[in-house]
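Beneath this line is the structure, given in structure tokens, with notes to follow.
Counting starts at 1 for both ligands and their atoms, following the listed order. The figures here come from the full heavy-atom set of this structure, side chains too, leaving out hydrogens, waters and symmetry mates.
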Amino acid sequence: MLNTAIKAARRAGTVIVRYLDQLERLAIETKGRNDFVSEVDRHAEAEIVRVISGAYPDHGILAEESGHQAGNEYLWFIDPLDGTTNYLHGYPHFAVSIALKRADKLEQAVVFDPLRNELFTATRGQGAQLNERRMRVSRITDLQFALLGTGFPFRAEKHLEIWIDTFRALLTQSSGVRRAGSAALDLAHVACGRLDGFWEIGLSPWDIAAGALLIEEAGGLIADFGGGQEFLQTGNVIAGNPQLHGKIVSLIQPHLPAELQR
Ligand code: IPD
Ligand code: CA
Ligand code: CA
């Protein structure tokens, strides 16, 4: 199943890279404010779905552009291009994200960065790899030396003030905060130790699913805002290495209203 996910992610990566030198000719639609979709997103997703449904016709699929296809106890989460805004500007930080859940457990994960040719993979219970070499979360224990990632709540403006409060708390306590623009790739960068932690409000399950298993299998922690495991449902995540995760949670929690405590 991991091999199928890898094959699908690489096919999507080929589509994404092929269109990169013709960005100005791409057909782009707006799904909502600040929410764009291009023919590349759709074409890459079609490639992924073709590979996965070809191999596992009974599995369910939840894909960003084509939605939900019901199936058996297996469910694939697909974000064919995470970081579309970056991509449309030629800003080099975006990725393909594919994960497989069985019943309520994430089992397989792939995040593929086609520009750096970096393939992040994990299978539950078998560790996580970057280009087939074992990867681990960072070992920094002092938040003061930590580099954190985040995402702006740029579509859900109702969360902006809350996010600014969490940002103020974490910026002043850490060594820096980056907003790179692809949640899936940012989570993969936590898994391989380039970032020491990450938080974002209001993500979708296909942004998080693969990155979450990568982090767990690389020895890190990921939780929803209440410290629970409902992040695929709530879309709110705090991730980090095990020494820092609790510290990040305790700096964020005081700023959260009741409805964001999970
Ligand atoms: C977005 C990216 C971004 C995050 C947004 C996501 P998309 O995904 O992951 O970093 O802040 O919340 O929706 O739309 O580029 O697939
Ligand atoms: Ca996404
Ligand atoms: Ca996307």
Completion exercise
Within the 4.0 Å heavy-atom cut-off, what Arg179 brings close to ligand 1 is side chain

Fill in the blank from the handout: Quick look: Asp82 vs ligand 1, heavy-atom contacts under 4.0 Å, and the answer is both

Atom of [X] closest to the Ca ion (ligand 2), considering N, O or S atoms:
X      : answer
Asp207 : OD1
Asp82  : OD1
Asp79  : OD2

Handout entry: Side-chain H-bond candidate by donor/acceptor type, Ser66 with Glu45, under 3.5 Å
Key = yes

Handout entry: Donor-acceptor side-chain pairing of Ser182 and Asn86 below 3.5 angstrom
Key =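 Per modelled atom types, Ser182 and Asn86 side chains form no pair under 3.5 Å.
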
I'd like to check which ligand 1 atoms, numbered from 1 as shown, lie under 4.0 Å from a non-hydrogen atom of [X].
X      : result
Ser182 : 9 (O), 10 (O)
Thr84  : 15 (O)
Gly83  : 7 (P), 15 (O), 16 (O)
Asp79  : 16 (O)
Leu81  : 16 (O)

Problem - Atom of Leu214, atom of Ala128 and distance for their closest heavy-atom approach - result: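 Shortest heavy-atom contact: O-CB, 3.7 Å.
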
Practice task
Could you tell me whether the side chain of Gln233 and the main chain of Pro205 form a donor-acceptor pair under 3.5 Å?
Solution key: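 Absent.
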
Exercise for the section: Output yes when Arg50 and Glu47 qualify as a salt bridge under the 4.0 Å nitrogen-oxygen rule, no when they do not. Expected result: yes

Problem - Lys/Arg-Asp/Glu bridge criterion (N-O < 4.0 Å) met for Arg262, Glu230 - result: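 Yes, this pair counts.
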
Practice task
Return a yes/no value for Gly181: is any of its N or O atoms, backbone included, closer than 3.5 angstrom to an N or O of ligand 1?
Solution key: yes

Practice task
Could you tell me whether some N/O pair between Ala183 and ligand 1 is separated by less than 3.5 angstrom?
Solution key: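 N/O-N/O distance below 3.5 Å exists for this pair.
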
Practice task
Kindly compute the distance separating CG (Leu160) from CG (Asp165), expressed to the nearest 0.5 Å.
Solution key: 10.0 Å

Practice task
Give, for atom CD1 of Ile238 and atom NZ of Lys247, the distance between the pair rounded to the nearest 0.5 Å.
Solution key: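 Taking CD1 in Ile238 and NZ in Lys247, the distance rounds to 15.0 Å.
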
Practice task
Please state whether the separation between the Ca ion (ligand 3) and some N/O/S atom of Trp206 is under 3.0 Å?
Solution key: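 Checking the Ca ion (ligand 3) against Trp206, no N, O or S atom falls under 3.0 Å.
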
Practice task
Would you please classify the geometry between the His189 ring and the His93 ring as parallel, tilted or perpendicular, with 30° and 60° separating the classes?
Solution key: perpendicular

Problem - Atom name of the N, O or S atom in Glu64 that lies nearest to the Ca ion (ligand 3) - result: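 Within Glu64, restricted to N, O or S, the Ca ion (ligand 3) is closest to atom OE1.
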
